[in-house]
Amino acid sequence: MRMRKKKNSVSRLTECNELLLNSREEIDSFPITVEIGCGKGRFILETAKRNPGINYIAIEKISDVALMAMEKVRDAGLTNVKFIIGDALSLPEFFRENELERIYLNFSDPWPKSGHTRRRLTYRGFLEMYKGLLSPNGEIVFKTDNRPLFDFSVEEFKYMGFDLEDLTYDLHNSEYAKDNIVTEYEANFSAKGFSINRVRAKMSRITNLDIKKAELSHLDRIMEIVAQAQKYMHDAGFCQWDNGYPSRELIRKDIEEGNRYIVCEGDTVMASAGLFMGEEPDYNEIYEGEWLNSSPYISIHRICVDNSFKGIGLGGAIVRRCEDIARKNNIRNIRCDTHEKNLAMRRMLEKNGFVYCGIIHLADGSPRVAYQKKMK
C-alpha cells in the first residue's frame with residue numbers, strides 16, 4: 001500500500017535538516033553502523049539509545065518515511081544518528097574502504113520474481129559492494145520474515161565468503177530474543193504468526209583476499225606452490241602432476257597471455273590458478289557421460305594452494321573470480337578436470353556447485369574426471 005503524502009513534509013524536513021546528510025564531507029567520524037531501509041525508525045531509534053557511543057546512519061529511499069524516523073530521533077534528543085534519503089546504491093557516495101563496522105538489513109524487499117534476483121539487497125552484487133566498505137571485522141545483520149529470501153541470502157553470504165553466526169529460523173523463540181530490537185514491520189508480521197529469521201554474516205579472512213592477474217615477478221613464488229602441489233600428489237599416490245608438469249615455461253606462458261591469477265593476502269601469494277576462455281581441445285570428447293550443455297565456457301586449470309593456507313576456502317574464492325570473469329564475457333559455464341584420486345579437488349568442485357559429467361582424456365591419453373558448473 002502506497003503511503004499518503006505527509007502534510008507540510010517540506011517544512012518538516014527543513015526542521016530536521018541537521019539530521020540529514022547530503023555529502024560525505026558532512027560525516028563527523030568513522031567507523032559507522034548503517035541501517036539500509038530504516039522505515040519509520042523504530043529500530044534505529046532504540047539501537048542508538050542503547051549504544052550512545054556508536055555512530056549510526058539510517059538510509060531510507062522514501063522521503064516521507066524517512067521524515068517520520070528523523071522526527072523520532074530529533075524528539076528523543078539523540079546525537080548519534082544521521083540520515084541519508086536514498087537507497088543502498090548510495091553507499092559508495094558516502095563511504096570508503098573499511099569505514100563501516102556493521103550493516104543492518106531489516107525486512108528488505110524480497111523481490112520474489114526470479115527475474116528480480118539482482119535487486120535483492122543480499123544478492124552477491126550488493127554483497128560485493130558491502131565487502132568493499134566493511135572493516136576487516138565488520139558484519140551484516142540480516143533479518144526477515146520471508147523464508148525463501150532468507151534461504152537465498154544464506155547461500156549468497158556463503159558464496160561470497162562470509163562466516164555465518166547466530167543463525168536462527170525463529171528469532172522470537174530463540175536464545176537471541178532478549179537482545180532483539182523489534183521493528184514496526186517485525187511486530188506486525190510476528191503478531192500474524194510469521195517466524196522471524198536472523199543471521200550475522202561476518203567478514204572473514206576469505207572476504208578480504210585480493211585475486212588478480214599474476215605478473216612475471218610472481219613466477220618464482222608460484223613455482224614454489226606448484227612444487228608443494230607436486231609433492232602432495234606424489235605422496236598421496238597419484239601422478240596428476242608428474243614429469244615436471246606444469247613447467248616453469250608453461251606457467252610463464254600463462255602469465256604472459258594473461259591467464260594466470262593469484263590469490264593474495266597483502267603481499268603474500270597464497271594460491272594460483274589458470275583461467276582460460278575459449279575451447280579446450282581435451283574437452284571435445286567426453287566418455288561415460290556428457291557435458292551439461294555445449295554452450296561457451298571458461299575452463300580452470302592448474303590450481304595450486306600453498307600448504308599453509310589449505311582448508312580456508314581459497315578454491316572457492318578462485319571459482320568466484322572465474323564466475324565474475326565469465327559473466328563479464330556473457331558466459332554461463334565453467335569446466336574443470338582433475339585426477340580421479342584427487343579427492344580434495346573433487347570435494348572443492350562439488351562444494352562450489354560443479355557437477356560430475358564423465359571422463360575426458362588429455363593429449364597423452366591420461367584419463368581425468370570432468371566437471372562442469374552451469375551458472376544462473
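In this chain, residues are counted from 1 in sequence order.
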- Salt-bridge test for D324 and K328: reply yes if a basic N is under 4.0 Å from a carboxylate O, no otherwise. no
- Is it true that atom CZ of R50 has more than 12 heavy atoms of other residues, nucleotides or ligands lying nearer than 6.0 Å? yes
- Task: Check whether more than 12 heavy atoms from other residues, nucleotides or ligands sit under 6.0 Å from atom CG of D267, and answer yes or no.
- Result: no
- Item | Donor-acceptor contact below 3.5 Å, side chain R120 vs main chain P110 | yes
- Would you check, one step at a time, whether the test side chain to side chain contact (heavy atoms under 4.5 Å, CB included) holds for V34 with I59? CA-CA 7 Å; V34 168; I59 299 177; 3.8 Å; yes
- Message: Main chain of N307, side chain of Q228: is a donor-acceptor contact present, judged purely on distance under 3.5 Å?
- Response: yes
- Side-chain donor or acceptor of N80 paired with backbone N/O of N51 under 3.5 Å: yes
- Message: N197 vs T168, test: side chain to side chain donor-acceptor pair (under 3.5 Å). Steps then yes/no.
- Response: CA-CA 6 Å; N197 311 280; T168 176; over 6 Å; no
- Message: If you count heavy atoms of other groups shown closer than 6.0 angstrom to NZ of K341, is the number above 12?
- Response: no
- Query: Are side-chain heavy atoms of E280 and H301 found at a separation under 4.5 Å?
  - Reply: yes
- Query: Hey, does the side chain of W291 reach the backbone of Y283 with a donor-acceptor pair shorter than 3.5 angstrom?
  - Reply: yes
- Between Y287 and H361, how do the two ring planes meet: parallel, tilted or perpendicular, split at 30° and 60°? perpendicular
- Does one side chain, of Q230 or D242, offer a donor that lies under 3.5 Å from an acceptor on the other? no
- Message: Pairing donors with acceptors under 3.5 angstrom, does anything connect the side chains of N208 and K131?
- Response: no
- Task: Tell me, yes or no, whether the heavy-atom count around H116 atom NE2, taken from other residues, nucleotides or ligands under 6.0 Å, exceeds 12.
- Result: yes
- Query: Quick one: do R252 and E256 make a salt bridge, cutoff under 4.0 Å?
  - Reply: yes
- Message: Using a 3.5 Å distance criterion without hydrogens, assess whether the side chain of E257 forms a donor-acceptor pair with backbone atoms of N259.
- Response: no
- Query: Between Y356 and R346, is a side chain to side chain donor-acceptor pair (under 3.5 Å) present by the stated rule, with each step listed?
  - Reply: CA-CA 9 Å; Y356 171 77; R346 298 184 70 172; 5.8 Å; no
- Message: Please check this pair: side chain of E139 against backbone of A201, looking for a donor-acceptor N/O pair closer than 3.5 Å.
- Response: no
- Quick one: are S272 and R260 in side-chain contact, heavy atoms under 4.5 Å? yes
- F95 six-ring face occupied by R24 cation (under 6.0 Å, within 45°): no
- Query: With ring centroids as reference points, do Y104 and F142 lie under 6.0 angstrom apart?
  - Reply: no
- Short question: side chain of S204, backbone of G161 - any donor-acceptor pair under 3.5 Å? yes
- Answer yes or no on whether K192 is positioned over the face of F189, meaning its NZ or CZ is under 6.0 Å from the six-membered ring centre and within 45° of the axis. yes
- Would you say E184's side chain and R42's backbone share a donor-acceptor pair under 3.5 angstrom? yes
- Query: What orientation do Y245 and W241 show, parallel under 30°, tilted 30 to 60°, or perpendicular over 60°?
  - Reply: perpendicular
- Message: Could you check whether atom CD of E165 has more than 12 heavy atoms from other residues, nucleotides or ligands sitting under 6.0 Å from it?
- Response: yes
- Message: Looking only at side-chain N and O atoms, does S366 offer a donor or acceptor that is under 3.5 Å from a partner on D364?
- Response: yes
- Query: Does P92 offer a backbone N or O that forms a donor-acceptor pair with the side chain of R96 under 3.5 Å?
  - Reply: yes
- Strictly by modelled atom types, are E186 and N106 linked by a side-chain donor-acceptor pair under 3.5 Å? no
- Query: Can you check side chain to side chain donor-acceptor pair (under 3.5 Å) on N55 and K82, steps first, answer last?
  - Reply: CA-CA 8 Å; N55 300 308; K82 299 291 184 182; over 6 Å; no
- Checking R321 against Y261: charged group under 6.0 Å from the ring centre and within 45 degrees of the axis? no
- Does the ring of Y232 carry K310 above it, NZ/CZ under 6.0 angstrom from centre and within 45° of its axis? yes
- Item | E265, CD atom: more than 12 neighbouring heavy atoms under 6.0 Å | yes
- Query: Quick check: does any side chain N or O of R221 sit under 3.5 Å from a backbone N or O of V269, one acting as donor and the other as acceptor?
  - Reply: yes
- Message: Taking atom NZ as the centre, does K61 end up with more than 12 heavy-atom neighbours from other residues, nucleotides or ligands that are less than 6.0 angstrom away?
- Response: no
- Between F107 and I196, is a side chain to side chain contact (heavy atoms under 4.5 Å, CB included) present by the stated rule, with each step listed? CA-CA 9 Å; F107 301 92; I196 307 302; 3.9 Å; yes
- Given the rule in the side chain to side chain donor-acceptor pair (under 3.5 Å) test, do E101 and N137 qualify, once you have shown the distances and angles that lead to the verdict? CA-CA 7 Å; E101 197 67 36; N137 298 312; over 6 Å; no
